[in-house]
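Let me begin by presenting the structure, written as C-alpha cells, before commenting on it.
Computed from heavy atoms alone, side chains included, the values below leave out hydrogens, waters and symmetry copies.
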Amino acid sequence: MEYLLIIIQQYLGIDLSCAIGSLRNGNFPHKQCLLPLISKLLGYAIVAASTTVKLPQILKILKHRSVRGLSLLSFELEVVGYTISLAYCLHKGLPFSAYGELLFLLIQAFVLVAIIYYFSQPLSTTTWIRPLIYCAVAPTILAGQIDPLLFEALYASQHAIFLFARIPQIWQNFSNKSTGELSFLTSFMNFGGSMVRVFTTIQENAPKSVFL
C-alpha cells in the first residue's frame, strides 16, 4: 500500500498520505490537507475530460457535413491561444495536472479547423496564408526559443486572443439568429472546465498570468 502511494505521489504528484493518515486516526482530513488533494484530482479530471471536449462539435459537423453558422476565425484563434498557453506552461515547468488539457484541446482544435477547411472549400488565398504563418512560427514558440520578456508579453496577449476568438462566433450567432452547427455540449464543457481550472490554478500556486 505504501509503495503504491509513493508511486502515485512520484508520477502524478498526488499526496494521499495526509488524507489517509487522518482517516486512519478516525479524523476527517483538515482543510490544508484536503484542498490540495481535491485540486490535484480535479486537475487530472479536467485533463481526462478534455480528451473529448471538442468531439461533440467534430461529430456534429461530420454528421451534417456542414459548417453552417460556424466562424472559421474563432476556431483559428483558439488554436493560436492554445499554442501560446501550452508553450508557456511547458516553459514554466508547471505540473501536467495544471495544464494537461491544453495539449488535448490543441490536438482537437487542429482536427476541428482542418474539418472546417474541408467543408468550406474553396478557400481564399488569404485563408491559406494564416495556417502557413502558424506552421512557421508555432514550433519556435512551443520550444520556448524566444526572449523571456517577449514570451511574457505573448502569453499576456493570449487573454485577448481567447476573448476575440469568442466574439466572431457570438456575432455570427446573433446575426443569423441561430447557432447553426455550433455544439452546445462542447461550449458547455468548455465553460465548466474553465471554472474548475480557476480553482486548481489557485491551489497549484501558478503564476497570476495563468490564473487570469
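The hydrophobic cluster containing Trp171 also includes Phe174, under a criterion of side-chain heavy atoms closer than 4.5 Å among ILVMFWY residues, counted directly or through chains of members. In the hydrophobic clustering, Leu55 connects to Leu59, either directly or through intervening members, whenever side-chain heavy atoms lie under 4.5 Å apart.
Taking every heavy atom of both residues into account, Asn176 and Gly69 meet most closely at ND2-CA, 3.9 Å. Ala87 and Ile141 make their closest contact through CB-O, 3.3 Å (heavy atoms, listed as atom of the first residue, atom of the second, distance). Across all non-hydrogen atoms, the minimal contact from Gln169 to Phe75 is OE1-CE1, 3.9 Å. Annotation for Ala165 and Ser74: closest pair O-OG, 2.6 Å, computed over non-hydrogen atoms. Counting all heavy atoms, side chain and backbone alike, Leu77 lies closest to Ile161 at O-CG2, 3.4 Å. Residues Tyr82 and Ala109 come closest through the heavy atom pair CD1-CB, 4.0 Å.
Other residues, nucleotides and ligands contribute over 12 non-hydrogen atoms within 6.0 Å of the CZ atom of Phe199.
Residues Ser178 and Asn173 fail the side-chain proximity criterion, which asks for heavy atoms closer than 4.5 Å. The shortest distance between side-chain heavy atoms of Ser85 and Tyr99 does not fall below 4.5 Å. Side-chain contact between Glu78 and Arg166: present, with at least one pair of heavy atoms (C-beta onward) separated by less than 4.5 Å. Under the 4.5 Å side-chain criterion, counting only non-hydrogen atoms from C-beta, Lys54 is in contact with Asn190. Two residues are said to be in side-chain contact when any heavy atoms from C-beta on lie closer than 4.5 Å; Tyr117 and Thr127 meet this criterion. Inter-residue side-chain proximity for Met189 and Thr52 is flagged as met; some heavy-atom pair is nearer than 4.5 Å.
Put simply, Leu62 and Leu70 are part of the same group of oily side chains (I, L, V, M, F, W, Y) that touch within less than 4.5 Å, one to the next. Leu185 and Val111 fall within a single hydrophobic cluster, where Ile, Leu, Val, Met, Phe, Trp and Tyr side chains are chained together by heavy-atom contacts under 4.5 Å. Under the 4.5 Å side-chain heavy-atom criterion for Ile, Leu, Val, Met, Phe, Trp and Tyr, Val79 and Ile107 are members of the same hydrophobic cluster. Hydrophobic clustering (side-chain heavy atoms under 4.5 Å, transitive across Ile, Leu, Val, Met, Phe, Trp, Tyr) groups Trp128 together with Ile115. Criterion: ILVMFWY side-chain heavy atoms under 4.5 Å apart, direct or through other members. Under it, Val80 and Ile129 are part of a common hydrophobic cluster.
Using modelled atom types and a 3.5 Å distance limit, the side chains of Glu152 and Tyr88 yield a donor-acceptor pair.
Legend: salt bridge (charged side-chain N to carboxylate O under 4.0 Å, His left out) pairs involving residues 170-196, not counting sequence neighbours, sorted by first then second residue: Arg68-Glu181. Sorted by first and then second residue, the side chain to side chain donor-acceptor pair (under 3.5 Å) pairs with a member in residues 132-142 read Thr83-Tyr134; sequence neighbours excluded. Residue pairs meeting the salt bridge (charged side-chain N to carboxylate O under 4.0 Å, His left out) criterion with at least one partner in residues 133-144, sequence neighbours excluded, do not occur; the list is empty. Residue pairs meeting the salt bridge (charged side-chain N to carboxylate O under 4.0 Å, His left out) criterion with at least one member in residues 124-133, sequence neighbours excluded: Glu76-Arg130.
Of the possible donor and acceptor atoms, none in the side chain of Ser175 sits under 3.5 Å from a partner among the backbone N and O of Gln172. The backbone N or O of Leu182 sits nowhere less than 3.5 Å from a side-chain atom of Thr186 that would complete a donor-acceptor pair.
Between Ile84 atom CD1 and Cys89 atom SG the span is 12.0 Å, to the nearest 0.5 Å. Between Arg65 atom CZ and Phe119 atom CZ the span is 4.5 Å, to the nearest 0.5 Å. Rounded to the nearest 0.5 Å, atoms NE2 (His91) and CD1 (Ile146) are 8.0 Å apart. How far CG of Leu86 is from CZ of Phe104: 10.5 Å, rounded to the nearest 0.5 Å. Interatomic distance, Ser71 OG to Ile116 CD1, rounded to the nearest 0.5 Å: 8.5 Å. Note: Thr179 OG1 to Ile170 CD1 = 13.0 Å, rounded to the nearest 0.5 Å.
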Query raised in the report: Taking it one step at a time, do Leu112 and Ile61 satisfy side-chain contact (heavy atoms from CB on, under 4.5 Å)?
Result: CA-CA 9 Å; Leu112 194 49; Ile61 294 174; 3.7 Å; yes
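Phe184 and Phe188 have parallel rings, their planes meeting at less than 30° on a 0 to 90° scale where 60° marks the start of perpendicular.
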